[in-house]
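The structure under discussion appears below in the form of structure tokens.
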There are 2 protein chains.
Amino acid sequence: MGGTVSVEAAAPSRPMRADARRNYEAIVRVAGEAFAEHGTHASLDDIACRAGVGPGTLYRHFPNRDCLLEAALVESRYKLQELGARLLEADDAGAALDEWMLALARHANTWDGLADSIAQSLSNEKSPLGASCGTLVDATARLLEQARHQGAVTADVTARDLFVMSGSLAWAADRAARGSGEDELPRLLALLMRGIR
Amino acid sequence: MGGTVSVEAAAPSRPMRADARRNYEAIVRVAGEAFAEHGTHASLDDIACRAGVGPGTLYRHFPNRDCLLEAALVESRYKLQELGARLLEADDAGAALDEWMLALARHANTWDGLADSIAQSLSNEKSPLGASCGTLVDATARLLEQARHQGAVTADVTARDLFVMSGSLAWAADRAARGSGEDELPRLLALLMRGIR
DNA sequence: ACCTGAACACCGTTCAAGT
DNA sequence: ACCTGAACACCGTTCAAGT
């Protein structure tokens, strides 16, 4: 609790050689740019190259794509968890749940294809991305519990359901695209949330 | 209207050399198997090989992946359109719309990744898959119109919205996966449809 | 301990050469 | 007219060789 979670906190074991740490951070930074530009399927070779390291170095630090996605999302997810804690103390638990779902969907829309990567990782025992997203499901469970307590939600729905639905919402908003690049998320969310009251 | 739409109806121009037609049909058949096995991202090289043709032959008949998906879905979509026509004559337009949404979602779940391919193709001018899915959006519009007429739907929602949502539903059901391989579609659909009443 | 980059098996796509 | 398959530029991944 509290304190600052920096990118380095996600690094393995304890002591890291200076050059190793430098490479690690360069890879994460470049990866963020590449994912933003080409989606979560950006070429890992290209990321290694742009970070000035060989492909082997990338694979040493991040044995698979999920590991790299996870590392590149650490800060963003930390902010999300802060929001979750704040929303847990809100008066209107129903509105808090709405806001949380919207924040989850926006997070899943950080990069093209991220909603899919996250949802897939969720049922993958060995995925670090799935593991860390589990904490988001937990936060969702706490908010759902409160909303139920206040009678704001009566439908038979699980936290896992809601988490997956926030992803499907992100997926849908990306593809609804009615001409101009409007933000479809709030509209679609409202439609969905009416269903669980 | 009526009559039978066969796979061959999707073939280009009119006269087709016997060997060309044989290859065309072999590719479509094998593609269906490959998509079922590996999802819509199955290797095209592998499909060509398994169909006993060179990669060039596959590309001659299907310039891109969407063309092949479209060809492999012709029969399935024809059945869907028949259902749409039948539902248009149902008494309860609200229930008809529910059934239509479920059928759309099941169609999008024919193969892994198909919901994504379809949604993406929808905003692609030159995609034959997107073009043919446009007819499904049209059918959705007719059913939505009737449901509105009967007062079964009052929410501000377009046919395009509903079509995209059926895809996001398919997406979500594939990933909700609560342990056993249950069919999550009806449950999630019910949640969603409550939102547009 | 960590990095490098060649190497491998693959992929989508094109196109000159065949029939 | 249509097919073939070599060729190209890529990709993810591994691993022996370096420092």
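Chain identifiers are assigned alphabetically (A, B, ...) following the order of the sequence lines, protein sequences preceding nucleic acid strands; residue numbering begins at 1 within each chain.
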Nearest whole Å is fine: how far is [N] [atom2] from [X] [atom1]?
X	N	atom1	atom2	value
A/Asp19	C/dA1	CG	C1'	9 Å
A/Arg60	D/dA17	CZ	C1'	14 Å
B/Asp45	D/dA9	CG	C1'	14 Å
A/His61	D/dG12	NE2	P	18 Å
B/Asp66	C/dT13	CG	C1'	16 Å
A/Ile27	C/dT4	CD1	C1'	13 Å
A/Leu44	D/dT14	CG	C1'	14 Å
B/Ile47	C/dC11	CD1	C1'	13 Å

Assuming nearest nucleotide by heavy-atom distance, tell me which of A/Ala42 and A/Gly56 is located more 5' along DNA chain D. A/Ala42

Given that B/Ala20 and A/Tyr59 both sit by DNA chain D, which one's nearest nucleotide is further toward the 5' end? B/Ala20

When you check the side-chain N and O atoms of B/Thr40 and B/Arg65, is any donor under 3.5 Å from an acceptor? no

Decide yes or no for B/Trp100 and B/Leu144: does some side-chain heavy atom of the first lie under 4.5 Å from some side-chain heavy atom of the second? no

Once you apply a heavy-atom cut-off of 4.0 Å, does B/Thr57 come out as touching a base, just sugar-phosphate, or nothing? base

Does B/Asn23 reach a base, just sugar-phosphate, or nothing at all? Heavy atoms under 4.0 Å. sugar-phosphate

Counting heavy atoms from C-beta on, name the nucleotide in [options] closest to the side chain of [X].
X	options	value
B/Pro55	C/dT14, C/dC3, C/dG5	C/dT14
B/Ser43	D/dT14, C/dC3, C/dG12	C/dG12
B/Arg65	D/dC2, D/dT13, C/dG12	C/dG12

Within the supplied structure, the quantity of interest is the number of heavy atoms (other residues, nucleotides, ligands) at a distance under 6.0 Å from A/Gln150 CD; does it exceed 12? yes

Check: A/Thr57 side chain, A/Val53 main-chain N or O, donor-acceptor pair, under 3.5 Å: no

Would you mind pulling out the nucleotide paired to C/dA1, Watson-Crick or G-U wobble, both distances under 3.5 Å? D/dT19

According to the Watson-Crick and G-U wobble definitions, with both distances under 3.5 Å, which nucleotide is paired to C/dA6? D/dT14

Looking at A/Leu114, A/Asp112, A/Ile47, which one forms a side chain to side chain contact (heavy atoms under 4.5 Å, CB included) with A/Phe35? A/Ile47

